[in-house]
Amino acid sequence: MAQTPVKVTVTGAAGQIGYALLFRIASGHLLGADVPVKLSLLEIPQAVKAAEGTAMELDDCAFPLLSGIEITDDANKAFDGANIALLVGARPRTAGMERGDLLQANGGIFGPQGKAINDHAADDIRVLVVGNPANTNALIAQHSAPDVPAERFTAMTRLDHNRALSQLAAKLQVPVTEIKKMTIWGNHSATQYPDLFHAEVGGKIAAELVDDAWLRDTFIPTVAKRGAAIIEARGASSAASAANAAIDHVFDWVNGTEWTSAAIPSDGSYGVPEGLISSFPVASRNGKWEIIQGLEIDAFSRERIDASVRELEEERTAVRELGLI
Ligand SMILES: NC(=O)C1=CN([C@@H]2O[C@H](COP(=O)(O)OP(=O)(O)OC[C@H]3O[C@@H](n4cnc5c(N)ncnc54)[C@H](O)[C@@H]3O)[C@@H](O)[C@H]2O)C=CC1
Ligand SMILES: O=C([O-])CC(=O)C(=O)O
C-alpha cells in the first residue's frame, strides 16, 4: 500500500521564498525521493489568488510525489493534521517602524499560528520558522502551543551555515564537501557568530588555515551581513537560497545528520539561557535535534556568542513586555 502523504504547511506561500520552496518540496527534496507529500498553503486573503496561481503551476509539473494541494487563509485549516510547518510569511520591517512595532506585528501572526498548530497539527508536528525575526517569532509560536513539545519549534540559521561553508571554501579553494563541523551560534541577525575554531578542513582546524585578520574582519562580517548584501544587490531579500536552507534544515531533522547549525530551544548548554531559541552546533538522531556537547569555547568565541545571546535575551524581554509570550 502506498505510504500516507506527509502534510507540509507553508505560510507566506505566495511570497518569493514560497515560490522557490514549493516546487522543491513537491519534487521530493524536503523529505526524500520516496515520500509522498500533501501541500497546505496559508496566505492572507489578498494573496490567496496568487497562491492559487502557484498551485496551478504545481499541478502543471505533474510531480509524482505530490498527492494534493489545499489553499486557505484560515490557519486552523492550514495546520489541521500538519506534520511539517514552514512558517515563512512574516511582517517585514518598513520605513519608520520601531523594533517594538515589528515584534508586535509579528506577534499578531506567530501567536495565532502557534495556537492553530497547538490545536490542530499532527502529534509529530515539526516547525521551522523562516520569517524574521526568526528566532523570536519561533519563541512566540512556541509559547502559544503549550501542548506541543517545546523542542519541535526551531528557527532557521541554515542559510547562515551554508553561507559560511561557501565563504570558507572559496577562501581555501576547497570543495564545500571538505569542510566539516561548521557552526553558527546565536541569533539569525548581524550579531550571529560563525565559528571557525571548531570547523575542520581536511582534518585541520579551519581557524588555523586562515589569518586572524581575515577571520575577524572579513569572514565573520561577510557571513553575518550577507542577507543585507543580497538585498543591496538583488533589490530583494534572499529567496532561493533561503528556500534551499529550509529544505536542508527539515531534511536533516527528519533523516539525520552528525553536524549542522539550527536554532533550537536552549537547555542551558554553553551558557545560553534555557528556553531561548538560539543557534547551536547540532546533530539530528532519531528525528530529534541534539546540541553537540563538550566543545571548548575560547575567549574570542565566548565574547561573540554572548553578544548574540544578549540580543536574543533583549528580544525575549521585549516580547514578554508586549505580552506576546
Ligand atoms: N531565516 C532566514 O535565513 C531568512 C529569513 N527570511 C525572511 O523570510 C520571510 C519571507 O520572505 P519572502 O518570501 O522573501 O517575503 P515575501 O514578502 O515575498 O512573502 C511573504 C509572504 O507572506 C505572506 N504573509 C504575510 N502575513 C501572513 C500571514 N499572517 N499568514 C500567511 N502568510 C502571510 C505575504 O502575503 C507574502 O505573500 C521574511 O520575513 C524574510 O525576512 C528571508 C531570507 C532568509
Ligand atoms: O533580512 C532579510 O530579510 C533576509 C535574511 O534574513 C537573510 O538573507 O539572511
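When a ligand or atom number is given, it counts from 1 through the structure's own listing order. Computed over heavy atoms, backbone and side chain alike; hydrogens, waters and symmetry mates excluded. In this text the structure is predicted, and so the values were computed from the model without any measurement.
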- Task: Using a distance threshold of 4.0 Å (strictly less than), state whether atom 1 (N) of ligand 1 has a protein heavy-atom neighbour.
- Result: yes

- Query: Any idea which atoms of ligand 1 are less than 4.0 Å away from a heavy-atom of Ala14?
  - Reply: 37 (O)

- Taking atom 26 (N) of ligand 1 as the reference point, the nearest protein heavy atom with its distance: Ile44 CG2, 3.7 Å

- Message: Using 30° and 60° as the class boundaries, would you call the ring planes of Phe280 and Tyr270 parallel, tilted or perpendicular?
- Response: tilted

- Task: Do me a favour and list the nearest non-hydrogen protein atom to atom 7 (C) of ligand 2 with residue, atom name and distance?
- Result: Arg163 NH2, 3.5 Å

- Query: What atoms in ligand 1 come closer than 4.0 Å to a heavy atom of Leu159?
  - Reply: 3 (O), 44 (C)

- Report yes or no: does a heavy atom of Lys225 sit under 4.0 Å from some atom of ligand 2? no

- Item | Evaluation steps, side chain to side chain donor-acceptor pair (under 3.5 Å), between Thr183 and Trp259 | CA-CA 8 Å; Thr183 300; Trp259 193 303; 3.2 Å; yes

- Item | Between Asp298 and Ser301, a side-chain donor and acceptor under 3.5 Å | yes

- Message: Heavy-atom distances under 4.0 Å decide this one: backbone, side chain, both or neither, for His188 against ligand 1?
- Response: side chain

- Does ligand 1 have any atom sitting under 4.0 Å from a heavy atom of Ala239? no

- Answer with yes or no whether Arg226 contacts ligand 2, where contact means a heavy atom under 4.0 Å from a ligand atom. no

- Euclidean distance, Asn187 CG relative to Ser279 OG, rounded to 0.5 Å: 9.5 Å

- Item | Heavy-atom proximity to atom 36 (C) of ligand 1, best of Arg93, His249, Arg226, Glu43 | Glu43

- Decide if the gap between the ring center of Trp289 and the ring center of His249 is smaller than 6.0 angstrom. yes

- Has Ser238 got any heavy atom lying under 4.0 angstrom from an atom of ligand 1? yes

- Task: Decide whether the shortest distance between a heavy atom of Gln113 and an atom of ligand 1 is less than 4.0 Å.
- Result: yes

- Considering only the protein, which heavy-atom contact is closest to atom 13 (O) of ligand 1, and what is its distance? Ile17 N, 2.9 Å

- Message: How far is atom 29 (N) of ligand 1 from the closest protein heavy atom, and which atom is that?
- Response: Ile109 CG2, 3.5 Å

- Does Glu274 reach the main-chain N or O of Gly268 with its side chain, forming a donor-acceptor pair under 3.5 Å? no

- Message: Can you tell me how far apart CG (Asn132) and OG (Ser189) are? Round to the nearest 0.5 Å.
- Response: 9.0 Å

- heavy-atom search around atom 19 (O) of ligand 1 in the protein gives Gly15 CA, 3.2 Å

- Beyond-backbone contact of Asn118 with Ser144, side-chain heavy atoms, under 4.5 angstrom: no

- To the nearest 0.5 angstrom, please state how far the NE2 atom of His198 sits from the CH2 atom of Trp185. 7.0 Å

- Item | ligand 1 contact on Val130 by region, counting heavy-atom pairs under 4.0 Å | both

- Can you list the ligand 1 atoms lying under 4.0 Å from a non-hydrogen atom of Ser237? 14 (O)

- Nearest 0.5 Å, what's the CD-CG distance between Glu313 and Asp306? 9.0 Å

- For Asn132, counting its heavy atoms only, list the atoms of ligand 2 lying under 4.0 Å from any of them. 1 (O), 2 (C), 3 (O), 5 (C), 6 (O)

- To the nearest 0.1 Å, how far is atom 18 (O) of ligand 1 from its closest protein heavy atom, and which atom is that? Gln16 N, 2.9 Å

- Relative to atom 25 (C) of ligand 1, which among Ala78, Ala50, Gly108, Ala90 owns the nearest non-hydrogen atom? Ala90

- Query: If we only count heavy atoms from C-beta on, is the Leu30 to Val6 side-chain gap below 4.5 Å?
  - Reply: no

- Checking Ser261 side chain against Ile184 main chain: does a donor-acceptor pair fall under 3.5 Å? yes

- Query: To which protein heavy atom is atom 38 (C) of ligand 1 closest, and what is the distance rounded to 0.1 Å?
  - Reply: Asn132 N, 4.1 Å

- Shortest protein heavy-atom distance from atom 32 (N) of ligand 1, along with the residue and atom involved: Gly12 N, 3.2 Å

- Task: Look only at the side chain of Thr222 and the backbone of Thr218, and say whether a donor-acceptor pair between them is shorter than 3.5 Å.
- Result: yes

- Task: Applying side-chain contact (heavy atoms from CB on, under 4.5 Å) between Leu312 and each of Leu276, Thr317, Leu139, report the one that passes.
- Result: Leu276

- Tell me: protein heavy atom nearest atom 4 (C) of ligand 2, and distance? Ser237 CB, 3.8 Å

- Task: Specify the closest pair of heavy atoms between Val130 and Met156, including all atoms of both residues, with the distance to one decimal.
- Result: CG2-SD, 3.9 Å

- Note on the structure: heavy-atom search around atom 9 (C) of ligand 1 in the protein gives Val88 O, 3.2 Å

- Task: With heavy atoms of Gly227 as the reference, note each atom of ligand 2 found under 4.0 Å away.
- Result: 7 (C), 8 (O), 9 (O)

- For ligand 1, which atoms sit closer than 4.0 Å to a heavy atom of Ala242? 43 (C), 44 (C)

